[in-house]
Each structure stands twice: as C-alpha cells, then as structure tokens.
**Q** 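First the structure, which I've put down as structure tokens, then a few questions once you've had a look.
Throughout, a chain's letter reflects where its sequence line sits, starting with A, and its residues are numbered from 1.
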Protein chains: 2
Amino acid sequence: MTTEESIINAAKEVFIRKGFQGAKMQEIADEAGINKALLHYYFRSKEKLFEQIFSGAFQQLIPALSKKLDETTDLETFIRFFVPFYTNFIQKNPHLPQFIIHELNQNPDRIRNLAAAQVFPFPKLSRMIAQAVAENKIRPIEHEHLIINMLSLIIFPIVGKPMIEGVIFNQNTESYQNFMAKRSDEVIETILNSIKPQKN
Amino acid sequence: MTTEESIINAAKEVFIRKGFQGAKMQEIADEAGINKALLHYYFRSKEKLFEQIFSGAFQQLIPALSKKLDETTDLETFIRFFVPFYTNFIQKNPHLPQFIIHELNQNPDRIRNLAAAQVFPFPKLSRMIAQAVAENKIRPIEHEHLIINMLSLIIFPIVGKPMIEGVIFNQNTESYQNFMAKRSDEVIETILNSIKPQKN
DNA sequence: TGTTAGTTTAACTAAATGGTTAAACCGTTT
DNA sequence: AAACGGTTTAACCATTTAGTTAAACTAACA
C-alpha cells in the first residue's frame, strides 16, 4: 500500500468518525503510521484532504442505481430490491450518512460542488412512480414523498442509533440489534402497504 | 435579561448551530455581548456549559407527551394528533434533532446521564399499539417499528434538508419548502395506510 | 560512484483556544 | 463614607493545532 493510500484510508476513518472539526491532522498521521508533515506534502491542507474524503463518501452514499433501474420496470420489484440493498449498505457503513448529513448541515454550500457533477438515479424512479400512480397501481402520492419515505425509514434508525438505543430500548444493545435485523422486511411491508391503492 | 440568561441563550444558539467541537467560547461570549471570562465565572468550563445546554435541548426534543396520551385511548386519534404536533415542533427548531443526534454519536455515553432521570412517553404508546394489534384494528407490527417509523418520517426530512434539497430538489429551496408544507398530511396518510389490517 | 528527483522526518512557527488571575466596578449594608 | 460581596473586565498563560522548513534518506540513473 502506497503512502498516499494509507493517508486516504486513515483520513476516511478519522474524518468520518469525528467530522471535520473533530478530526486532527496528528491523529490522521498516527493512524496512517506516518509523519504529520507528510499529510501536507501529499494534500496541501486539511481542507483539501477533507474535500477528497467527503466527495468520495458522498459518491458512495448516493450509489449508482441507474443501472438496476434500467432493468426494472415494476415499482414493487424495485422496492423489494432497493430496500434490503440500501439497508445492507448503510448497516455496513453506519457512520457514513451521519457524516454526510453533519458536514452538509455545517456547510450546505459544499453540495453545490458535488451535486452538479453527478448523475442521480432519482429522475428515473420518479417517472416510474408517476406511472404507477397514473395506472392506478398505487394510491396517489408525489414521488418526492415516496422516495424520502424510503430513505427516512432506512437511514434514520442508523443515524439515530444512540438515541433509539437509549430512549426506546433502554440502553439494551441486544434489543436494538434484534430490531435492526428485522428492519429491512418491516420497511418493505410498511412502504408497500402505505401505497396500496384505495378501495372506494 | 440577566447575564446568566444571555449566556444560556447565546450558548444554545452557538452550540446547536456548530456542535461542541465547532463552538468557540469567544463566539459564545460575543453572541452574549460579554467578556469571555464571564463564561467561566458562571459555568466553570466549556464542558459544564455544554452539558447544561445539551440536557435542556434533549428534554425539549423528547417532549412530555404522557399527559396527552393519558387522554387518548384510540391509536388513530393519537397519530392524527402526534404527527402534526411533532412535525410542527421540529420545523420550528430544525437544528435541534441534528444537534442531539450528532453529539450522541460523538459520545453515546452522554445519554446515560439523561435517559435514567427521565420518564418517556413510549411505554404507554407501546401498550396502545399492542392492544390495537390484539384487537385486529391494525396489522401485526412490533410497536418499536411503528414508533420509529413515525419518528423517521418526521425527523429525517429536516435533518437531511441540505442533502434532500441538493439531491432531490436540485438546490431549489422553494420546491423543498413546498414539499415540507405537505409533509405532515403525507406522513399521517403513509402511517395510517401502512398499518391497515390485512384483508385475507 | 556521484548526481538527482522524489520522499520522509524532526524541529519549528504562528495563530487559536480554553482557562486563570488580579484588579476594577457597583450596589448594598453598616 | 467605609467596608463588603458579588460581578465584570483586561491581560495573561499553557496547550493545541494547522502549517512550514530545512535537512536526511532512498532509489534510480548517468
């Protein structure tokens, strides 16, 4: 592993765990097993190093689902694929969403440097939802609400883990894990039920 | 307004906007219009001042709904009350949940000093949900999932505002506001539909 | 083998930051 | 008006932290 790679890995680790303000260049250097001056040799400043980590993390969080969407024309099929896929991804990278959300709240302008250069999978999904509504396959719902409902139900339980563990599960970590194990199935059922077409 | 009050107000403002690490004692002093040494005169340290602000904010976020729950026996009635109430509260204090979530993620032990000393409204709600399931008024669902579904749908769109504005609404603030205006009604419909009892 | 370009390090600098101190201020009591 | 307790301030201190510098090291190459 090159020096640059170990810096990137260490910086990822520290920035995502502690945020921009909380992360210290010395800690990143220690984590990478190198001298602090080397950080500045490879990446001029803390800001520059962070920018690299942040955009990488952002690109991970908003994954390229376009491809899978191309192959999928049925909304229910998509939901049954997307929910466990994204739940699984977030559970493997539990600090990622909180990191992005926090830094974006600290400095909302950051996203302007990223969003423009990126293609998001949502336009296709939006059309798919609108079509399902038009064909009366699901109840009338604006696609933004349905998309954000899915993201909310998946991401919030991870981002709010310490709060949920404390407030709902009385600090019982095992209960929380047990809860999360069933989460994906529960979200699928919740979402699918929530959009069933009305009878009358 | 006493000096202590203006310090509390300033500290609330700065801590909630910037977090513990991001907040600087000098900035709090400036915001309060006083000398930095006065902060240490009234609250010995940054840590002590923060603790006060944090537990106050936490107590706000987990509001005492017990009372309202006592008067309400019907789950649907409760949901129709709770969702707009909480949505409204969060929209008036949009930085509060992200502040709590971030600090709790940075230092999960903090909650141990708070959760124990507090009575939460959830046990009653839990029984209400279990009863509704038993009476076949709603589909089988664990009360933890339903509670967290509600919280997720309400809190995430606020906490993730910059991300949603950027990714879903292409930086169009007006679209986001328009979306949020309908959010409460949409959440009610989503939740109520998601728990309707199954036919077969 | 000596030169060179790129890499790594120890030591340093300047600014920021949390916290302290001693003196000044101010209203109340005697 | 002198003394007193609580309040406020300016100046200061120690530590942390991002960033710099000059020298040492290393591998490739002339």
Side-chain angles (χ1 to χ4, degrees), chain A residues 1-58 95 99-100 102-107 109-110 113, chain B residues 1-58 95 99-100 102-107 109-110 113:
Chain A
M1 188 168 49
T2 72
T3 302
E4 195 169 341
E5 286 169 337
S6 40
I7 291 178
I8 291 276
N9 287 341
K12 235 181 241 169
E13 169 74 22
V14 176
F15 272 133
I16 290 181
R17 211 177 54 233
K18 307 228 172 152
F20 179 78
Q21 296 260 17
K24 304 301 164 196
M25 292 299 262
Q26 187 58 60
E27 193 184 344
I28 296 175
D30 293 348
E31 180 89 18
I34 50 137
N35 192 284
K36 181 166 70 80
L38 258 190
L39 297 181
H40 290 93
Y41 176 74
Y42 280 95
F43 307 85
R44 293 180 56 79
S45 65
K46 186 184 183 184
E47 189 69 39
K48 284 254 187 359
L49 177 54
F50 175 82
E51 213 55 62
Q52 197 133 140
I53 301 301
F54 180 77
S55 57
F58 188 79
H95 298 296
F99 169 66
I100 300 289
H102 178 246
E103 299 302 333
L104 240 32
N105 271 304
Q106 287 306 300
N107 184 357
D109 291 339
R110 276 199 224 283
N113 309 326
Chain B
M1 189 168 48
T2 72
T3 303
E4 195 169 342
E5 285 170 338
S6 40
I7 292 178
I8 290 276
N9 287 341
K12 235 181 240 168
E13 169 73 23
V14 176
F15 272 133
I16 291 182
R17 211 177 54 232
K18 307 228 172 152
F20 178 78
Q21 296 260 18
K24 304 301 165 195
M25 293 299 262
Q26 187 58 60
E27 193 184 345
I28 296 174
D30 292 347
E31 179 89 18
I34 50 138
N35 193 284
K36 181 165 71 81
L38 257 190
L39 296 182
H40 290 93
Y41 175 73
Y42 280 95
F43 307 85
R44 293 180 55 80
S45 65
K46 187 184 183 184
E47 188 71 41
K48 285 254 188 356
L49 177 55
F50 175 82
E51 213 55 61
Q52 198 133 140
I53 301 301
F54 181 77
S55 57
F58 188 78
H95 297 295
F99 169 66
I100 300 289
H102 178 246
E103 299 302 334
L104 240 34
N105 271 305
Q106 287 306 301
N107 184 357
D109 291 340
R110 277 199 224 283
N113 308 326

**Q** Does A:Lys36 get its side chain close enough to the base of D:dG19, under 3.5 Å, for a donor-acceptor pair?
**A**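 Donor-acceptor pair under 3.5 Å: yes.
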**Q** Separation of B:Asp30 atom CG from D:dT9 atom P, in whole Å?
**A**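 Computing the B:Asp30:CG to D:dT9:P distance gives 12 Å.
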**Q** Rounding to an integer number of Å, can you tell me how far B:Met25 CE sits from D:dC13 P?
**A**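 These atoms are roughly 20 Å apart.
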**Q** Rounded to whole Å, how long is the line connecting atom NZ of B:Lys24 with atom P of D:dT16?
**A**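 Answer to the nearest Å: 14 Å.
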**Q** Can you list the steps and then say if A:Lys46 with A:Glu27 is a salt bridge (Lys or Arg N to Asp or Glu O under 4.0 Å)?
**A** CA-CA 12 Å; A:Lys46 186 184 183 184; A:Glu27 193 184 344; over 6 Å; no
**Q** Is any side-chain heavy atom of A:Phe54 closer than 4.5 Å to a side-chain heavy atom of A:Phe15?
**A**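 No - every pair of side-chain heavy atoms lies 4.5 Å or more apart.
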**Q** Starting at CG of B:Leu38 and ending at P of D:dT7, how long is that distance when rounded to a whole Å?
**A**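 It works out to 10 Å between those atoms.
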**Q** Answer yes or no: does a side-chain N or O of B:Thr3 lie under 4.0 Å from OP1 or OP2 of D:dT8?
**A**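 Indeed, a polar side-chain atom of B:Thr3 lies that close.
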**Q** By the 4.0 Å heavy-atom rule, please label A:Ala23 as base, sugar-phosphate, or nothing.
**A**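 Sugar-phosphate contact only - A:Ala23 comes under 4.0 Å of backbone atoms but never of a base.
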**Q** Just the rounded figure in Å: distance from P of D:dA18 to CD1 of A:Ile7.
**A**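 For the pair A:Ile7 CD1 and D:dA18 P, the rounded distance is 15 Å.
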**Q** Whole Å only: how far is the CG atom of B:Asn35 from the C1' atom of C:dC25?
**A**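 Interatomic distance, CG of B:Asn35 to C1' of C:dC25: 13 Å.
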**Q** Measure NZ/B:Lys46 against C1'/D:dT15 and give the value in whole Å, please.
**A**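 Distance check: B:Lys46 NZ to D:dT15 C1' gives 14 Å.
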**Q** Can you check the A:Arg44 CZ to D:dA18 P distance for me, whole Å?
**A**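 After rounding, the reported distance stands at 16 Å.
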**Q** Of A:His40 and B:Ile34, whose closest DNA chain D nucleotide lies nearer the 5' terminus?
**A**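 On the 5' side of the pair lies B:Ile34.
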**Q** Which of these passes side chain to side chain contact (heavy atoms under 4.5 Å, CB included) with A:Glu31: A:Lys12, A:Glu13, A:Gln26?
**A**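 So the option named by the test is A:Glu13.
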**Q** How about B:Asn107 and B:Glu103: does a side-chain donor come under 3.5 Å of a side-chain acceptor?
**A**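 Distance-only check fails for B:Asn107 and B:Glu103.
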**Q** Using a cut-off of 4.0 Å on non-hydrogen atoms, how would the nucleic acid contact of A:Phe43 be classed: base, sugar-phosphate, or nothing?
**A**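 No contact.
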**Q** Go through C:dA10, D:dA10, D:dA18 for me and flag the one nearest to the A:Ala37 side chain.
**A**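 That would be C:dA10.
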**Q** For B:Glu5 and B:Asn9, which I'm curious about, is there any donor-acceptor pair between the side chains at under 3.5 Å?
**A**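 No pair is found: no donor N or O on one side chain lies under 3.5 Å from an acceptor on the other.
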**Q** Report yes if at least one side-chain N or O of B:Tyr41 is closer than 4.0 Å to OP1 or OP2 of D:dG6; otherwise report no.
**A**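 Checking D:dG6 against B:Tyr41, no side-chain N or O comes under 4.0 Å of OP1 or OP2.
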